[in-house]
Protein chains: 2
Amino acid sequence: MSPLQPAFRALADPTRRDILRRLSARQMTISEITLHCDMTRAAVKKHLVVLEEGNLIHMQRQGRETLSTLNAEALKPVVDWLSYFESFWDENLTNLHDLLSKEDTT
Amino acid sequence: MSPLQPAFRALADPTRRDILRRLSARQMTISEITLHCDMTRAAVKKHLVVLEEGNLIHMQRQGRETLSTLNAEALKPVVDWLSYFESFWDENLTNLHDLLSKEDTT
DNA sequence: TTGACATGATACCATATGGTGTCATTTTAA
DNA sequence: TTAAAATGACACCATATGGTATCATGTCAA
């Protein structure tokens, strides 16, 4: 399996992307995160596990609470994968040019 | 629903990411794509539909075949969303610093 | 030491997802 | 005109996914 797969999978859910944004401000406990999520704590916990599997966050027990911390570096490989396509953004304009040329001769 | 959701969902599957890479070289028919995918044409077609829902490709009937074309621009919003976190890549190094300081005083 | 707090861990459920097989329809080449 | 090629459209299946409810366990504060 591609090492990117767990990260891409984690990013596919809107709740998980929202959690990432919140964790970018500061680390939070599971209960804190749950306050914003409109679902049970158990569901939030599951999302956190998926995020951790994607290495996008780190969970650390601290006394009776568990702090989740963003690991933004893990997004780097994802951005790199997507960056491959940046060169095609302009190239598509070229294709549009070709298309227009053909239409001119029709 | 966030306009990004269909794109993130489409990117979550390795087969679909592979198809995007292949389409970056040239547009292909469904049968051509299927040759590389180790699954039936029907399954590939489903993936193509998901990619189209994410606006990542465009399908166009051409006689008896359907040509799939990459729409790389649709990846731009995805990259933009991820770029928000770039500023935290360095900030995490700062956090590491804090952590090390604390350990020094322990 | 004792109850409330914050979780971990499960069991269970409905739906979404990823695949297959099959059949109808349109198009092309002989 | 006719069979093969290339799809579209379904029906069907097993699993994964996203949520809930519940109960056990460790921890903190009074």
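Remember, it's a predicted structure, so these values are computed and weren't measured experimentally. The basis for the numbers below is simple: all heavy atoms, side chains too, and nothing from hydrogens, waters or symmetry mates. Numbered from 1 within each chain, the chains take letters A, B, ... in sequence-line order.
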Among residues 2-20 of chain B, which contact DNA chain C at a heavy-atom distance under 4.0 Å?
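Here the set is B/Arg9, B/Asp13, B/Arg16.
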Can you find a heavy atom in the side chain of [X] that is under 4.5 Å from one in the side chain of [Y]?
X       : Y       : answer
A/Val44 : A/Thr40 : no
B/Arg41 : B/Ile30 : yes
B/Glu53 : B/Arg9  : yes

Restricting both atoms to N or O, compile the protein contacts to nucleotides 21-30 of chain D shorter than 3.5 Å, with distance only.
none

Drop me the distance from [X]'s [atom1] to [Y]'s [atom2], to the nearest 0.5 angstrom.
X       : Y       : atom1 : atom2 : result
A/Asp80 : B/Leu82 : CG    : CG    : 11.0 Å
A/Ile19 : A/Ser24 : CD1   : OG    : 12.5 Å
B/Thr29 : B/Leu67 : OG1   : CG    : 7.0 Å
A/Lys45 : A/Met39 : NZ    : CE    : 15.0 Å

Taking only side-chain nitrogens and oxygens of [X], does any of them come within less than 4.0 Å of OP1 or OP2 of [N]?
X       : N      : value
B/Ser31 : D/dT7  : yes
B/Lys45 : D/dT7  : no
A/His47 : D/dG19 : yes

Is there a donor on the side chain of B/Lys46 or the base of C/dG19 sitting less than 3.5 Å from an acceptor on the other?
yes
Output the rounded distance in Å from CD1 (A/Ile33) to P (C/dG8).
11 Å
Let me know the distance between CG of B/Leu48 and C1' of C/dG19, rounded to the nearest Å.
14 Å
